[in-house]
Amino acid sequence: MTDSTSITRVPGADGDHVTYCRICEALCGLIARVEGGKIVRILPDRANPHSRGHICVKGPALADVAYDPDRVTAPLKRIGGPGEFAAVSWDEALDEIAGRLSASIESHGANSFAVNAGNPPSMGWPSSLAAPFFQAAMGASRMYSPASEDISSVVLATELMFGTHAFLFPDLAECDHLLIFGSNPLVSHGSLVIAPRFKEDLDQIAKRGRVLVIDPRHTETARKHEHVPIIPGGDVWLIGAMLNTLIEENLIDSSFIAAHASGMNELAAAMEWLTPEVAAPRCGIAAETIRTMARDFAIAPRAAAMGRIGICRGEFATLTNLFVHMLNVIAGKFHRPGGYGWGHGGTASDTQYRGISPGARHGAIPSRVSGLPSVWGAQASVTFLEEMLTPGEGQIRSLLVVGANPVMSMPGGPDLPKGFAQLDLMVALDLYITETTRHADFVLPVTTALEREDINLFFMNHMVRPFAQHVDAVIPPVGDARMEFDILRDLAARMGRAEAFGKAAPFEMADAALRAGVEGRNGLSVERLRAAPHGMMIEGGRWDFDFTKRLGHADGKIHFWSEPIAAEIARLRQAPAWNPSSLRLINLRKLRSINSWMHNVEGLVRSDRASLLMHPDDAMARGIEDGGKAELSTSRGRIVVNVEISKEMLAGVVCYPHGWGHEGGWQRARATDGANLNMIAPAGPQSAERLSGMSNLEGFAVEVRALA
Ligand SMILES: Nc1nc2c(c(=O)[nH]1)N[C@H]1C(S)=C(S)[C@@H](COP(=O)(O)OP(=O)(O)OC[C@H]3O[C@@H](n4cnc5c(=O)[nH]c(N)nc54)[C@H](O)[C@@H]3O)O[C@H]1N2
Ligand SMILES: Nc1nc2c(c(=O)[nH]1)N[C@H]1C(S)=C(S)[C@@H](COP(=O)(O)OP(=O)(O)OC[C@H]3O[C@@H](n4cnc5c(=O)[nH]c(N)nc54)[C@H](O)[C@@H]3O)O[C@H]1N2
Ligand code: SF4
Ligand SMILES: [Mo]
């Protein structure tokens, strides 16, 4: 326990500083102890009423990142080949960038400029605003992000059914029967549903009722609960057949559907063929089990079904996510205690939820060459390279990368440098010289979470128990690092284009959002949060609002039927069966890693290793030994991987993490021996789901061969 009398708020002052982790969505409360101006320890903040002392190994490692000798702490300018940089002053860097970017945009047009914004900046408030504001300042429309490896399919499913992008999530606090499709919250700590004590929530649900984990791997979460093994990509069949059963056996909430939904009859007719018998061989689950799962779910009074990344990136990612939404609504689990629906946190308001801005609508900004749709304003990653390489109006000629590592995180990422080489200018804002930033003309140093004031604004509305926190910086910026927002506003000003950043500072905008939100009437404001450094629970009342005011379709209904839904169900019906002779690959998240960027922390990587998990029968059939090396290949190429034989895997399915196989200036990371999975993942515009532009990263065909 920390002694509250030693709490200080002055950045860099000795004593204990209250802060929170921004590595994953759990946003655990932290206490950073400063001595002699340096952080000497990071502890859990037991006084944080939301995380109540929960942290994982990665939280304390934020200090290792802050003080990492490999960290970029001065603006760097390229003086030679990739990775060859010299330190320059901020003025020199920003003036030269302003001049070159202005010239490039003047000769090639605003849409020759593109932004690639990554996951880490989206975890903070001012940092998440920086890239979109700069994009607007340039008048450019193309934004690349990890959305198409992460959330585009679920965002689109929500848009099609509800006419909004607000996230729907299960009420873990009161649920008694939870279905988890493709998520491993005991390792990931949850995504799009925020509960830092997810593990405890699941234990409580299991005590009251049941937790079913539908996953091809016997995961950490599956081991503690009821595991339903599934063939990768089988969820669309399983859930479709569960819907078919509910309709067939009339286990549907008819009065809710009559009042609030449209298209039920069309959907029912279109699902008639998708019986449990048809689905069973496609998902590897017996027809009777599918029926029982559907019935048990329907009759449980407080039940919810949630999905996450394991169902977001297969060949039918959007339809799978539509089916999860439909399962909840049709079985009568929507917007009720223990069920599934929107949150009611700090900034939630009917106006904020309702509708979608024109630029964020599905397909508003189609890709230039292949015409893949944008989702939520984001371009499909698989079009990035061709948009750099294909000549013509709108060819990407200048690029700003803010906290993204697409060479590691996008399918086909290792080919992106071919595109980077054609650019007039590439600027990156990052903590490290990475596989991506080593190709930039300038790398500009940014602050870590410990060096900035922040507020958990973006995350408030999908917390199981709404919570708000504002924190000050723990230490001043290390070296010459600056906040993304300040860097890009300064750069836009030097280009004479700062108006898009507006007059309001980020925390004034946050204050306005809080005051406009549901708790605004109760006096929630930044000032009030400043007075509660450990953060405060905000009792929005999860179901205490009129959900119909948030439905964005013109008819005010939840749509079960529309042209895209019809087309996807028809496409499913025609889908060829999987050839069982080839192996399928799924992705793995590990506790000590976060995507591609914490492998330079000795304490984390020492006992972490990228290995291909493989079922004993599959290994034996190929003469592969535990701990041996193997070649993992697809039609795109081959990588060498370590093999771990594991009964966790379903036979026929192998599993490997992304974010390994390092190059660049992070020396410890470079010494690790993994390989970049996105070198062999399906890439290029043909590989994506056409409807959402979602990358096909889950369950693709691979071959594995023993290496001597
Ligand atoms: N420690 C750690 N935590 C993280 C991250 C990290 O890198 N490390 N990354 C963060 C990020 S960016 C995100 S988006 C979240 C993601 O959060 P989660 O979605 O919980 O992430 P995963 O742990 O990858 O869980 C996905 C699960 O889906 C399973 N799966 C794969 N294919 C299928 C399938 O076809 N059907 C079904 N039913 N299951 C399938 C996988 O075996 C895996 O167990 O995690 C966040 N948290
Ligand atoms: N094959 C495969 N590919 C995947 C996934 C998968 O499961 N399998 N997962 C996908 C998912 S869900 C995601 S979210 C993406 C992640 O994709 P990205 O966001 O592109 O990659 P990250 O590894 O999160 O790292 C981004 C960069 O941010 C830097 N960084 C860290 N903190 C900060 C900061 O505060 N500010 C700034 N400016 N930079 C910072 C890091 O040094 C790193 O270079 O990967 C996706 N790609
Ligand atoms: S679970 Fe770990 S990485 Fe995620 S917020 Fe908490 S301490 Fe940070
Ligand atoms: Mo993600």
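- A donor and an acceptor atom, one from each side chain of Ser148 and Ser381, are located under 3.5 Å apart.
- The shortest distance between side-chain heavy atoms of Leu444 and Ile97 falls below 4.5 Å.
- Cation-pi geometry between Arg489 and Phe133 is not met at under 6.0 angstrom from the ring centre and within 45 degrees of the axis.
- Between Ile680 and Thr634 the shortest heavy-atom distance is O-OG1, 2.7 Å.
- Crowding of Glu96 atom CD: a count of heavy atoms from other residues, nucleotides or ligands under 6.0 Å exceeding 12.
- Remark: the backbone N or O of Ser633 is not paired with any side-chain donor or acceptor of Arg638 at under 3.5 angstrom.
- With contacts defined as side-chain heavy-atom distances shorter than 4.5 Å, the pair Ser122/Asn119 qualifies.
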Requested in this report: Check the pair Asp430, Val72 against side chain to side chain contact (heavy atoms under 4.5 Å, CB included), reporting the backbone distance first and the verdict last.
Outcome: CA-CA 8 Å; Asp430 206 296; Val72 176; over 6 Å; no
Requested in this report: Mind running side chain to side chain contact (heavy atoms under 4.5 Å, CB included) on Thr164 and Trp342 for me, showing each step along the way?
Outcome: CA-CA 11 Å; Thr164 169; Trp342 290 303; 3.4 Å; yes
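- Panel note: side chain Ser593, backbone Asn595; no donor-acceptor pair is recorded below 3.5 Å.
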Report task. Run the numbers on His325 and Thr158 for side chain to side chain donor-acceptor pair (under 3.5 Å), then give the verdict. Result -> CA-CA 8 Å; His325 288 339; Thr158 310; 2.9 Å; yes
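- Closest of all the heavy-atom pairs between Ala130 and Phe501 is O-CZ, 4.2 Å.
- Between the side chains of Thr318 and Glu568, no donor-acceptor pair is found at a separation under 3.5 Å.
- Under the 3.5 Å distance criterion, the side-chain polar atoms of Ser112 are matched with a main-chain donor or acceptor of Gly109.
- In summary, Glu149 and Arg313 do not engage in a salt bridge, as defined by a charged side-chain N under 4.0 Å from a carboxylate O.
- For Tyr656 (side chain) and Ala675 (main-chain N/O), a donor-acceptor pair under 3.5 Å exists by modelled atom type.
- A distance-only check finds a donor-acceptor pair linking the side chain of Ser692 to the backbone of Met694 [under 3.5 Å].
- Residue His362 holds its NE2 atom at 11.0 Å from CD1 of Ile356, rounded to the nearest 0.5 Å.
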Report task. List the steps and the verdict of side chain to side chain contact (heavy atoms under 4.5 Å, CB included) for Arg368 and Asn111. Result -> CA-CA 10 Å; Arg368 178 182 61 110; Asn111 273 328; over 6 Å; no
Query raised in the report: After noting the C-alpha distance and the side-chain angles of Glu386 and Ser370, does the key distance pass the side chain to side chain donor-acceptor pair (under 3.5 Å) rule?
Result: CA-CA 9 Å; Glu386 67 175 14; Ser370 292; 2.6 Å; yes
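- Using cut-offs of 30° and 60° on the angle between ring planes, the pair Trp376 and Phe167 is perpendicular.
- To the nearest 0.5 angstrom, Asp415 atom CG is 13.0 Å from Phe384 atom CZ.
- Annotation: side chain of Ile105 is in contact with side chain of Arg497 (closest heavy-atom distance under 4.5 Å).
- Below 30°, between 30° and 60°, or above 60°: for Trp666 and His662 the angle between ring planes is above 60°, a perpendicular geometry.
- Looking only at side-chain heavy atoms (C-beta outward), Val115 and Met138 stay at 4.5 Å or farther from each other.
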Query - Residues Ile569, Met271; criterion side chain to side chain contact (heavy atoms under 4.5 Å, CB included); working and verdict - result: CA-CA 8 Å; Ile569 294 176; Met271 299 289 281; 3.9 Å; yes
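- Of the possible donor and acceptor atoms, one in the side chain of Thr434 sits under 3.5 Å from a partner among the backbone N and O of Thr437.
- Two residues are said to be in side-chain contact when any heavy atoms from C-beta on lie closer than 4.5 Å; Pro406 and Tyr144 fail this criterion.
- When side chains are defined from C-beta on, Ile311 does not count as touching Ile214, because their heavy atoms never get closer than 4.5 Å.
- No donor-acceptor pair under 3.5 Å is formed between the side chain of Asn321 and the backbone N or O of Gly307.
- Remark: side-chain polar atoms of Arg22 are paired, donor with acceptor, to backbone N or O of Ala449 under 3.5 angstrom.
- Here the side chains of His108 and Gln395 are not in contact, with every heavy-atom distance at 4.5 Å or above.
- Taking each heavy atom of Ala305 and Leu327 in turn, the nearest pair found is CB-CD2, 3.9 Å.
- A donor-acceptor contact shorter than 3.5 Å links the side chain of His553 to the backbone of Leu160.
- Expressed to the nearest 0.5 Å, how far CZ of Arg482 lies from CG of Leu429 amounts to 10.0 Å.
- The aromatic ring centroids of His599 and Trp660 lie less than 6.0 Å from each other.
- In this structure, the separation between CZ on Arg584 and CG on Asn579 is 10.0 Å, given to the nearest 0.5 Å.
- Taken to the nearest 0.5 Å, the CG atom of Leu94 stands 9.0 Å off from the CZ atom of Phe442.
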Query - Verdict with reasoning, Glu25 to Ser191, per side chain to side chain donor-acceptor pair (under 3.5 Å) - result: CA-CA 6 Å; Glu25 293 172 57; Ser191 178; 2.7 Å; yes
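- The main-chain N or O of Gly81 is found under 3.5 Å from a side-chain atom of Arg78 such that the two form a donor-acceptor pair.
- Here the closest non-hydrogen pair linking Gly674 and Ala610 is CA-CB, 4.0 Å.
- Ser687 and Asn696 form no side-chain donor-acceptor contact under 3.5 Å, judged by distance and modelled atom types alone.
- Side chains of Glu435 and Asn405: a donor on one and an acceptor on the other come within 3.5 Å.
- In this structure, Arg308 and Asp150 have side chains that are in contact, with non-hydrogen atoms separated by less than 4.5 Å.
- Minimum heavy-atom separation, Arg494 to Ala98: CB-CB, 3.9 Å.
- No donor-acceptor contact under 3.5 angstrom links the side chains of Gln379 and Ser367, judged on distance only.
- If you check the side chains of Ser398 and Asp424, you find no donor sitting under 3.5 Å from an acceptor.
- Between Met426 and His439, the shortest heavy-atom contact is SD-O, 3.9 Å.
- Note that the SG atom of Cys312 and the CG atom of Leu192 stand 7.5 Å from one another [nearest 0.5 Å].
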